[in-house]
**Q** 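Dumping the structure here so I can ask a few things about it.
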Amino acid sequence: MKDHPFVPLLYAEPSLRKLIADADNFRTKMKARRSVRFFSDKAVPRQVIEDIIMTAASAPSGANKQPWTFCAVSSKDLKSCIREAAEKEEYENYHGRMSEEWLKDLEKFDTNWQKAFLTEAPWLIVIFKKSYDLENGTRTKNYYVNESVGIASGFLIAAIHMAGLVTLTHTPSPMNFLQAILGRPENERPFLLLPVGYPAEGVTVPDLVRKKEDEVICWY
Ligand code: IYR
């Protein structure tokens, strides 16, 4: 008799036909995902943001510690504070902290230090990673924190896309200001900042090429 209970897996085996069709359909849907830097200010219901976040929070994590907090920000004041602080850092990045090679690599995205999407998008989701947990003042360990939060971030981006919204993975650097502005505890460190909403009308995206099958897959 085990001390820790197991429950049956909720699983229905698809037919071979459905397996092939579903994998192909999902690939096609996900292929249409693009990072978007220009947002409409059209409102997105809080329930949709909650659903998207809870999809992310269903990700696997080291020892199931779920070492993440998702801050969902719709307050105009907080978004302005975040934009101001992010632009201050990005100004420094674009004017000396980033190497010539890095700036050259970014040319095709036409980015600069200005981050209007931080106030235009109806929601900002800020993902925090917990390098350790604090339970009643005592530190408890988390494991594979970067891997876990990275996987959850992927789930989040997929959920945003599948819901019909757009996002961008934004990483102003350094981004400790997010911890201060959002009043997060000392065990939480900012991981990613994602504006979420509808794309601005007529928005364009860079004409990027994704690697082909034989460039990313090695079959053995
Ligand atoms: N964080 C900066 C710079 C930047 C860096 C990378 I790597 C990108 O793929 C895009 C931008 C910015 O957000 O502009």
Side-chain angles (χ1 to χ4, degrees), residues 30-41 44 49 52-53 56 68-76 78-129 145-161 165-182 184 188-200 202-212 215-216:
M30 289 299 289
K31 201 169 124 192
R33 184 208 55 80
R34 294 299 311 266
S35 291
V36 170
R37 291 184 167 79
F38 302 94
F39 289 74
S40 146
D41 61 4
V44 170
I49 299 301
I52 285 165
I53 291 175
W68 44 61
T69 301
F70 299 86
C71 295
V73 182
S74 63
S75 148
K76 278 194 167 26
L78 281 176
K79 286 193 291 184
S80 292
C81 281
I82 291 172
R83 176 175 173 183
E84 198 181 317
E87 286 185 335
K88 209 165 141 225
E89 294 300 348
E90 293 291 18
Y91 185 89
E92 296 303 327
N93 291 336
Y94 279 89
H95 294 88
R97 288 205 294 229
M98 275 149 64
S99 65
E100 283 304 313
E101 182 183 1
W102 194 349
L103 290 170
K104 189 128 197 45
D105 277 338
L106 291 184
E107 273 172 9
K108 56 169 151 322
F109 304 98
D110 199 24
T111 55
N112 61 40
W113 62 274
Q114 285 166 310
K115 301 297 169 195
F117 54 75
L118 292 174
T119 48
E120 280 165 2
W123 291 94
L124 303 180
I125 299 178
V126 188
I127 308 177
F128 286 85
K129 65 175 181 184
V145 170
N146 286 320
E147 291 83 348
S148 303
V149 183
I151 294 166
S153 301
F155 275 40
L156 185 77
I157 292 165
I160 291 167
H161 176 68
L165 299 173
V166 296
T167 189
L168 164 72
T169 41
H170 181 46
T171 50
S173 173
M175 54 177 170
N176 320 341
F177 63 84
L178 290 167
Q179 208 176 356
I181 292 173
L182 298 172
R184 302 313 305 164
E188 294 188 7
R189 294 287 133 106
F191 187 77
L192 278 184
L193 166 51
L194 299 105
V196 181
Y198 294 92
V203 75
T204 58
V205 291
D207 189 11
L208 304 180
V209 178
R210 292 200 172 107
K211 290 184 179 175
K212 300 275 170 285
E215 295 174 280
V216 297

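No experiment lies behind these values; they were computed from the predicted model shown. Just follow the structure's listing: the first ligand is 1, and inside any ligand the first atom is 1.
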**Q** Among residues at least two apart in sequence or on other chains, which ones pass side-chain contact (heavy atoms from CB on, under 4.5 Å) with C71?
**A**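 Applying side-chain contact (heavy atoms from CB on, under 4.5 Å) to C71 gives T69, V126, F128, L182, R184.
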**Q** Considering only N or O atoms, set out every pair between ligand 1 and the protein closer than 3.5 Å, with distances to one decimal place.
**A**
residue: ligand 1; atom: 1 (N); partner: E90; partner atom: OE2; Å: 2.9
residue: ligand 1; atom: 13 (O); partner: E90; partner atom: OE2; Å: 3.4
residue: ligand 1; atom: 13 (O); partner: K115; partner atom: NZ; Å: 3.2
residue: ligand 1; atom: 13 (O); partner: H170; partner atom: ND1; Å: 3.3
residue: ligand 1; atom: 14 (O); partner: Y94; partner atom: OH; Å: 2.5
residue: ligand 1; atom: 14 (O); partner: K115; partner atom: NZ; Å: 2.5

**Q** Indicate the ring-plane relationship of F117 and F39, choosing parallel, tilted or perpendicular according to the 30° and 60° boundaries.
**A**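 Geometry flag for F39 against F117: tilted rings.
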**Q** Determine, for K104 against E101, whether the closest basic-nitrogen to carboxylate-oxygen distance falls under 4.0 angstrom.
**A**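 Not counted as a salt bridge, because no side-chain N and carboxylate O are separated by less than 4.0 Å.
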**Q** By salt bridge (Lys or Arg N to Asp or Glu O under 4.0 Å), which residues pair with E90, not counting sequence neighbours?
**A**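 Not a single residue meets the salt bridge (Lys or Arg N to Asp or Glu O under 4.0 Å) criterion with E90.
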**Q** Using the ring of each side chain (for Trp, its six-membered ring), is H95 parallel, tilted or perpendicular to Y91, with breaks at 30° and 60°?
**A**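 If you compare the ring of H95 with that of Y91, the planes turn out parallel.
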**Q** Under the side-chain contact (heavy atoms from CB on, under 4.5 Å) test, which residues partner E215, sequence neighbours left out?
**A**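 For E215, the residues satisfying side-chain contact (heavy atoms from CB on, under 4.5 Å) (neighbours in sequence not counted) are K211, K212.
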